[in-house]
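Some notes on the structure that comes next.
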Amino acid sequence: MAERRKFKKRYCKYCEMKVDYIDYKDLGLLKFSLSERFKIMPRRLTGNCKRHQEMVTVAIKRARQTALIPYIVDRKNVVENPFEFVR
Amino acid sequence: MNNYETLYVLKPTLTDEETAENIAKIEAILVREGAEILATNNMGMRKLAYPVQKNERGLYTIVYFKANGSVIHELERNLKFNEEVIKYLTVRYTKQKELTQFAKLVAASTPKEEAPVATEEVVEAPTAEQTEA
């Protein structure tokens, strides 16, 4: 048996919500595509469609530039409440 | 003319007067360069995701405006030299879907005029009842 998939295969959440444009200030929308350590989740794990994945990638990178979400979270650079930014 | 959105973060150490002064200064640059300001949105004080110039918090403000591309150069030059501004980002909205979102954002950040109308209706209602009685 191959390694089991850690995440259930899902459909694109943004398509379900009928999102046309992902705003970088709307952190609630970005949340689905971020890992616990604020990495961008790959499409194979989130089930995002290609169109929305591209949009969310740009949005996340913009949000990082404006200090809305952290670039990295590791043991040296701990955030007390990781999802404090996502309200 | 293109649609632009600029987000900038001011230092948290400023007094209210100083922040108002800085916001007015940035808007003055836009007006001087011939840009049409559509709306401003004050997101207020937020905790930054990572320290910027040793600041842990910042005052977020967004300006939505219509302008020619040359304005951006002048605006960003001023933002760069302004020491009270610790972060800024300008985004252009061009595609049709982006433009509809832009209109939505502008509508969301413009002050609503429905509130006084609603209060007037409330005032009228009891008077009508009184006349009936």
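In what follows, every heavy atom counts, from backbone to side chain, and hydrogens, waters and symmetry copies are set aside.
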Consider only side-chain heavy atoms of I, L, V, M, F, W and Y, link residues closer than 4.5 Å, and tell whether [X] and [Y] are in one cluster.
| X | Y | answer |
| --- | --- | --- |
| B:V9 | B:L14 | no |
| B:L48 | B:V85 | no |
| B:Y93 | B:L7 | yes |
| A:I60 | A:Y21 | yes |
| A:L68 | B:Y64 | yes |

Minimum-distance pair of heavy atoms, taken over all atoms of A:I69 and B:A49:
C-CB, 3.2 Å
Of all heavy-atom pairs linking B:E5 and A:K25, the shortest is OE1-NZ, 3.0 Å
Answer yes or no: does atom CZ of A:R51 have more than 12 heavy-atom neighbours from other residues, nucleotides or ligands under 6.0 Å?
yes
Please answer whether the main-chain N or O of [Y] pairs with a side-chain N or O of [X] as donor and acceptor at a distance below 3.5 Å.
| X | Y | answer |
| --- | --- | --- |
| B:Y50 | A:R64 | yes |
| B:Y60 | A:T66 | yes |
| B:K87 | A:Q65 | yes |

Quick check on A:R62 against chain B: is it the side chain, the backbone, both or neither that has a heavy atom closer than 4.5 Å?
both
Chain A contact via B:I62 - which portion, at a heavy-atom distance below 4.5 Å
side chain
